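Report on one structure; see the data block that follows.
Only a predicted model underlies this, so the values are computations on that prediction, with no experimental measurement involved.
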Amino acid sequence: MTATDSAPNGIDSAALDQTIAAVREHPALGQVTFTLGADWPGGCRQQGSTGELRQAGEPVAGRTASYSFTSDEPEALLGSDQAASPGEYILHALAGCYAVTFAATATARGIRLSALRLDLEADFDLRAFLGIDKQARAGAREIRVTVHAESPNSSREQLAELTEAVQRRSPIRDTLAGPVQVSTVLA
């Protein structure tokens, strides 16, 4: 979608306003559950596909599409390097969420983005994964994001404020930066 007066940054301003009003009036609409099924074909590969989307505990009837994902690891990390790695998917998830949050927040603030590029890096220590160091953290130690944003109607200070707001509002950033309960059970 190209930017227009009614859809700056590819976000329909009226739809954004209606969504905000609906969630304010009915907070349960803000409760969304994503689902994914995943199968292991062997080695370091994984094949997943999106499942049902639920809002306020009910399936979203209008969402009928399903999307597939394949992950692998680089050869240096025991894989066959035939797909993006789970670590790269994490960075892509963060980048995707940042893009949505930048576009929506900028639209709500009247900021027109003419360009947005995100450069992301994540550092992992494989000693925990390999069982070498029980004290090492298995997850990423640090994720760095460099934002390159341009706007024809906003100052650098306004873009810096927008970037701060995106960090506070991004659900994926919050998931990565804060504690989240992950329950794993054997079926």
Side chain to side chain, [X] and [Y], heavy atoms closer than 4.5 Å:
{"X": "Pro86", "Y": "Glu73", "answer": "yes"}
{"X": "Arg109", "Y": "Glu161", "answer": "yes"}
{"X": "Val147", "Y": "Leu116", "answer": "yes"}
{"X": "Arg173", "Y": "Cys97", "answer": "no"}
{"X": "Ser13", "Y": "Pro8", "answer": "yes"}
{"X": "Asp119", "Y": "His148", "answer": "yes"}
{"X": "Thr35", "Y": "Arg54", "answer": "yes"}
{"X": "Tyr98", "Y": "Gln167", "answer": "yes"}

State, to 0.1 Å, how close [X] and [Y] come at their nearest heavy-atom pair, and which atoms those are.
{"X": "Ser151", "Y": "Leu159", "value": "CB-CD2, 4.0 Å"}
{"X": "Asp123", "Y": "Arg144", "value": "OD2-NH1, 2.6 Å"}
{"X": "Val145", "Y": "Leu94", "value": "CG2-CD2, 3.8 Å"}
{"X": "Ile111", "Y": "Asn9", "value": "O-ND2, 2.8 Å"}
{"X": "Thr105", "Y": "Ala165", "value": "CG2-CB, 4.2 Å"}
{"X": "Ala22", "Y": "Leu29", "value": "O-CD1, 3.8 Å"}

Is [Y] reachable from [X] through a run of hydrophobic residues whose side-chain heavy atoms are each under 4.5 Å from the next?
{"X": "Ile90", "Y": "Phe69", "value": "no"}
{"X": "Val100", "Y": "Ile172", "value": "no"}
{"X": "Tyr89", "Y": "Leu120", "value": "no"}

Can you tell me how far the [atom1] atom of [X] sits from the [atom2] atom of [Y], to the nearest 0.5 Å?
{"X": "Asn153", "Y": "Ser114", "atom1": "CG", "atom2": "OG", "answer": "9.0 Å"}
{"X": "Ile11", "Y": "Asp17", "atom1": "CD1", "atom2": "CG", "answer": "12.0 Å"}
{"X": "Leu126", "Y": "Leu77", "atom1": "CG", "atom2": "CG", "answer": "6.0 Å"}
{"X": "Gln31", "Y": "His26", "atom1": "CD", "atom2": "NE2", "answer": "14.5 Å"}
{"X": "Ile132", "Y": "Lys134", "atom1": "CD1", "atom2": "NZ", "answer": "10.5 Å"}
{"X": "Leu36", "Y": "Glu52", "atom1": "CG", "atom2": "CD", "answer": "13.0 Å"}

Main-chain N/O of [Y] paired to [X] side chain as donor or acceptor, under 3.5 Å:
{"X": "Gln158", "Y": "Ser155", "answer": "yes"}
{"X": "Ser68", "Y": "Ser49", "answer": "no"}
{"X": "Glu150", "Y": "Leu113", "answer": "no"}
{"X": "Thr101", "Y": "Val166", "answer": "no"}
{"X": "Asp72", "Y": "Ser80", "answer": "yes"}

Problem - Flag if over 12 foreign heavy atoms under 6.0 Å of CZ, Arg156 - result: no
Exercise for the section: Check whether more than 12 heavy atoms from other residues, nucleotides or ligands sit under 6.0 Å from atom CD of Glu142, and answer yes or no. Expected result: yes
Fill in the blank from the handout: For Phe34, the hydrophobic cluster (side chain heavy atoms closer than 4.5 Å, chained through members) also holds Val32, Leu53, Val60
Practice task
I would like to know whether Thr70 and Arg45 meet side-chain contact (heavy atoms from CB on, under 4.5 Å); could you show each step before the answer?
Solution key: CA-CA 7 Å; Thr70 300; Arg45 293 183 55 103; 3.1 Å; yes
